[in-house]
Amino acid sequence: MFTRAIVRKPGQSMTDGLRDTDIGIPDHQLALVQHAAYVEALKACGLDVLVLEADESYPDSTFVEDTALLTKACAIITNPGALSRKGEIHSIKQVLSDYYDNIEEVIEPSTVEGGDIMMVGSHFYIGLSERTNEEGARQVIAYLEKYGFSGSTMSVGDMLHLKSGVVYLEDNTIAATGEFVHQKEFEGFRVLEIAEDESYAANCIWVNGNVLVAKGYPKAAGTIADAGYPVIELDVSEFRKLDGGLSCLSLRF
Ligand code: GLY
């Protein structure tokens, strides 16, 4: 179970955020409304939510998940692979010092973004992507092992991050799309297949028994509901324009 989440409001500078997807520039006012609804949903799932003010210096800083990996025993501050995002870690490190005695840091030339790390109990799958390199994964695994956890790597092909295409929903269940549906790493899991034409909705999050799913993806929501999860649908259209999703918007611990 999670008890807390940290989020950061999107700044007006989000219009300069990184984006591969060409589906328009985010509307900041609408993003604020969607972000507030996201916070309310986390609270409704029982979380104490710390809402950080927008940081205009970093257009992508609303995607706080990429800046740290939070475990029961330690926080690991990442080193984002995107140059424009590296500075996001400083304020997050300061915030996390209120919650963690043990804080580790990924050091250059290692790069890691939190969106590439999927926690499954005490094991952490780390996606090797354009943002997370092998040295970064090695460093994270070494830190994890220091605290009694384990980690392993897997490759990320088309997606921005590992969790763009696969997430763990507890109860031995994953939601996966595309390249992640038939991975040998996931043999033995119940795999909820998210259709390719709704692949964005694979980035859903389990929060204390509920699953938050992007609004507008009815097949995905149905698949997850049919698997027995209460589904909370949230409109995150403005964050999608920056290739971000529901998991990217919070650190949950
Ligand atoms: N726009 C989010 C990212 O590329 O990291």
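Counting convention: from 1, in listed order, for ligands and their atoms alike. Only this structure's heavy atoms are used, side chains among them; waters, hydrogens and symmetry mates stay out.
- The shortest heavy-atom distance from Arg85 to ligand 1 is under 4.0 Å.
- Within the 6.0 Å centre-distance limit, the rings of Tyr99 and Phe253 are counted as a close aromatic pair.
- Near Phe63, the atoms of ligand 1 lying under 4.0 angstrom from a non-hydrogen atom of the residue are 1 (N), 2 (C).
- Ring pair Tyr125/Phe189 is perpendicular by interplanar angle, where above 60° counts as perpendicular and below 30° as parallel.
- Counting only distance, with no hydrogens or angles, the side chain of Glu198 and the backbone of Lys219 share a donor-acceptor pair below 3.5 Å.
- With a 4.0 Å heavy-atom cut-off, ligand 1 is reached by the side chain of Asp60 but not by its N, CA, C or O.
- In Arg131, the part holding a heavy atom less than 4.0 Å from any atom of ligand 1 is the side chain.
- Comparing Leu160, Asp66, Leu242 against atom 1 (N) of ligand 1, the shortest heavy-atom distance belongs to Leu242.
- With Leu192 as reference, Leu169 is the one residue of Thr177, Val167, Leu169 to meet the side-chain contact (heavy atoms from CB on, under 4.5 Å) rule.
- Note: Tyr143 and Phe124 fail the aromatic proximity criterion, with ring centroids not under 6.0 Å apart.
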